[in-house]
Amino acid sequence: MLDISHLHKKYGSFLALDDINVHAGSDEFVCLLGPSGCGKTTLLRIVAGLESYADGEIRFDGRDLNTIDVRNRNFGIVFQSYSLFPNMTVGENIGYGLKIRGVPKAEIERQVRALLDLIRFPDLIGRYPHELSGGQQQRVAIARALAVAPSLLLLDEPLSALDARVRLDIRGEIRDLQRRLKIPTIMVTHDQEEALSMADKVVCMNHGRIEQVGTPHDLYFRPRTKFVASFIGTSNFFDTEEAGTLFGERLSAVQQDSVTGGSLLVVRPEELVLTADPAGEAIVEDVAFLGNVSHVRLDWRGRAITSDLRLGQRFVPGERVSLSLHDGRGHWVAP
């Protein structure tokens, strides 16, 4: 559906995007994930037609986007700031795109009401944006983007301005809507939890380049680089000597699809096993109880590592423990 090939973008001498290659399928939800300044929003704006690019090609349904005027791309865009028209009601905001396309008034009203039912706010049609909560405004912005039956939905950090509880609710609603409507979607986010929970495919970016593309499961359990392993989830890193000393024979069972020649062992907190041991090298520094899991911070040879406790395990600060690895867990990556 959307193919981006060897895309480059410069601002003067600064290379903002360096050889970007991305494919989004016909009903795929793709998240562009990375820290601030990595180029993800620039990439989204280029797809939307709001930014130019130096080299490369972007094709949508086989057509070069450079040959399609921005107004004729039929892409729906939802921005972080909602961008609702303050002098228009909810109904007028949602129906605006249909109105400028010359859709009859009765049909606009029918579609607006259908979309309000879809976002579960049928009674908001006559309200103004200032009368809505942040979560309601964002739902209206999404409905407005969907009103024109977009061929591609572009979301620029749509949840970052919302509080945690509302953000959790809306991300589920967005994913549910996307699945039901089967609209290919690209979302920019710096929140790894959003990416892992919403995406079919995650594009992890850093310094204008793509570090890795894959399913959320792939990027979490099979990262290719130290950056991906550290940005997505929590990781402990051990060099080959440390790994051999700590885990010995268990390393033979470490995933065979690790990076060839990788010299850093990534161990997720849930993959690290703690055993009470008065002669253990690691010392418990802190235990954070979070209900279904407890996070343990340890001092090992002067640096901090973390582990998640198994059900029924309990440790206290100051206690010495030994470390081991769950069979087959861990992953070798490039430094």
Side-chain angles (χ1 to χ4, degrees), residues 1-81 83 141-142 145 150-161 171 174 178 183-192 194-196 198-216 218-219 224-225 227-228 231-232:
M1 179 64 75
L2 178 72
D3 284 291
I4 303 171
S5 303
H6 304 294
L7 188 72
H8 295 78
K9 169 68 178 179
K10 284 187 174 182
Y11 293 105
S13 61
F14 174 67
L15 186 58
L17 294 174
D18 185 7
D19 197 28
I20 300 297
N21 296 274
V22 175
H23 171 78
S26 59
D27 60 356
E28 202 166 32
F29 196 116
V30 177
C31 275
L32 306 179
L33 174 68
S36 296
C38 72
K40 56 189 186 294
T41 294
T42 297
L43 179 56
L44 189 85
R45 289 176 61 84
I46 286 174
V47 173
L50 303 176
E51 293 271 2
S52 62
Y53 55 95
D55 298 295
E57 185 178 56
I58 307 178
R59 302 187 75 84
F60 186 76
D61 271 352
R63 299 177 63 192
D64 187 345
L65 279 187
N66 259 342
T67 68
I68 306 173
D69 185 85
V70 174
R71 290 172 296 180
N72 296 321
R73 293 185 183 186
N74 194 36
F75 293 170
I77 307 176
V78 179
F79 296 103
Q80 176 182 345
S81 59
S83 299
I142 292 167
S151 302
L152 178 69
L153 184 60
L154 304 173
L155 308 174
D156 186 10
E157 302 208 47
L159 309 180
S160 60
R171 78 184 188 201
I174 290 175
Q178 190 271 338
I183 299 173
T185 300
I186 299 178
M187 185 176 86
V188 164
T189 182
H190 62 270
D191 188 317
Q192 51 156 313
E194 283 179 11
L196 293 178
M198 298 175 73
D200 297 309
K201 179 188 293 179
V202 178
V203 179
C204 187
M205 300 179 65
N206 187 33
H207 296 307
R209 294 185 62 88
I210 292 177
E211 292 266 342
Q212 187 173 345
V213 178
T215 66
D218 285 341
L219 268 67
R224 293 180 185 168
T225 66
F227 173 81
V228 175
F231 191 79
I232 298 177

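- Note that the CG atom of L196 and the OG1 atom of T215 stand 9.5 Å from one another [nearest 0.5 Å].
- With values rounded to the nearest 0.5 angstrom, L152 atom CG is found 6.0 Å from L2 atom CG.
- For the residue pair C31 and A195, the shortest heavy atom distance occurs at SG-CA, 3.8 Å.
- Ionic pairing of R71 and D69 is present here: one or more N-O contacts between side-chain nitrogen and carboxylate oxygen are shorter than 4.0 angstrom.
- Of the possible donor and acceptor atoms, none in the side chain of K40 sits under 3.5 Å from a partner among the backbone N and O of D156.
- Screening L17, L32, D18, I20 against I210 for a side chain to side chain contact (heavy atoms under 4.5 Å, CB included) leaves a single residue, I20.
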Let me see the working for F231 and N206 under side-chain contact (heavy atoms from CB on, under 4.5 Å), right down to the final yes or no. CA-CA 10 Å; F231 191 79; N206 187 33; over 6 Å; no
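- Judged purely by atom type and a 3.5 angstrom limit, E57 has no side-chain atom pairing as donor or acceptor with the backbone of L65.
- V213 has its side chain within reach of K201: a pair of non-hydrogen atoms, C-beta onward, lies under 4.5 Å apart.
- For the pair K9 and S52, the minimum side-chain heavy-atom distance is below 4.5 Å.
- Looking at D64 and T67, their side chains never bring a donor and an acceptor atom within 3.5 Å of each other.
- Side-chain contact between L33 and L219 is absent, with no heavy atoms from C-beta onward closer than 4.5 Å.
- Heavy atoms from other residues, nucleotides or ligands lying under 6.0 Å from NE2 of H23 number more than 12.
- Taking NE2 of H8 as the reference point, atom CG of L15 lies at 6.5 Å (rounded to 0.5 Å).
- Among residues at least two apart or in separate chains, ring-ring contact (aromatic ring centres under 6.0 Å, His included) pairs with a member in residues 26-60 are F60-F75.
- Take S26 and apply the side-chain contact (heavy atoms from CB on, under 4.5 Å) test, not counting sequence neighbours, and it matches M1.
- Between E157 and H190 the shortest side-chain heavy-atom distance falls below 4.5 Å.
- Q178 contributes atom CD, which lies 7.0 Å from atom CG of D27 (distance to the nearest 0.5 angstrom).
- At least one donor-acceptor pair closer than 3.5 Å links the side chain of N21 to the backbone N or O of D19.
- The side-chain contact (heavy atoms from CB on, under 4.5 Å) search around E194 returns L159, R167, R171, M187, T189, D191, M198, not counting sequence neighbours.
- The backbone N or O of I68 sits less than 3.5 Å from a side-chain atom of R73, completing a donor-acceptor pair.
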Please assess I186 against L43 for the test side-chain contact (heavy atoms from CB on, under 4.5 Å), listing each intermediate value before the final yes or no. CA-CA 10 Å; I186 299 178; L43 179 56; over 6 Å; no
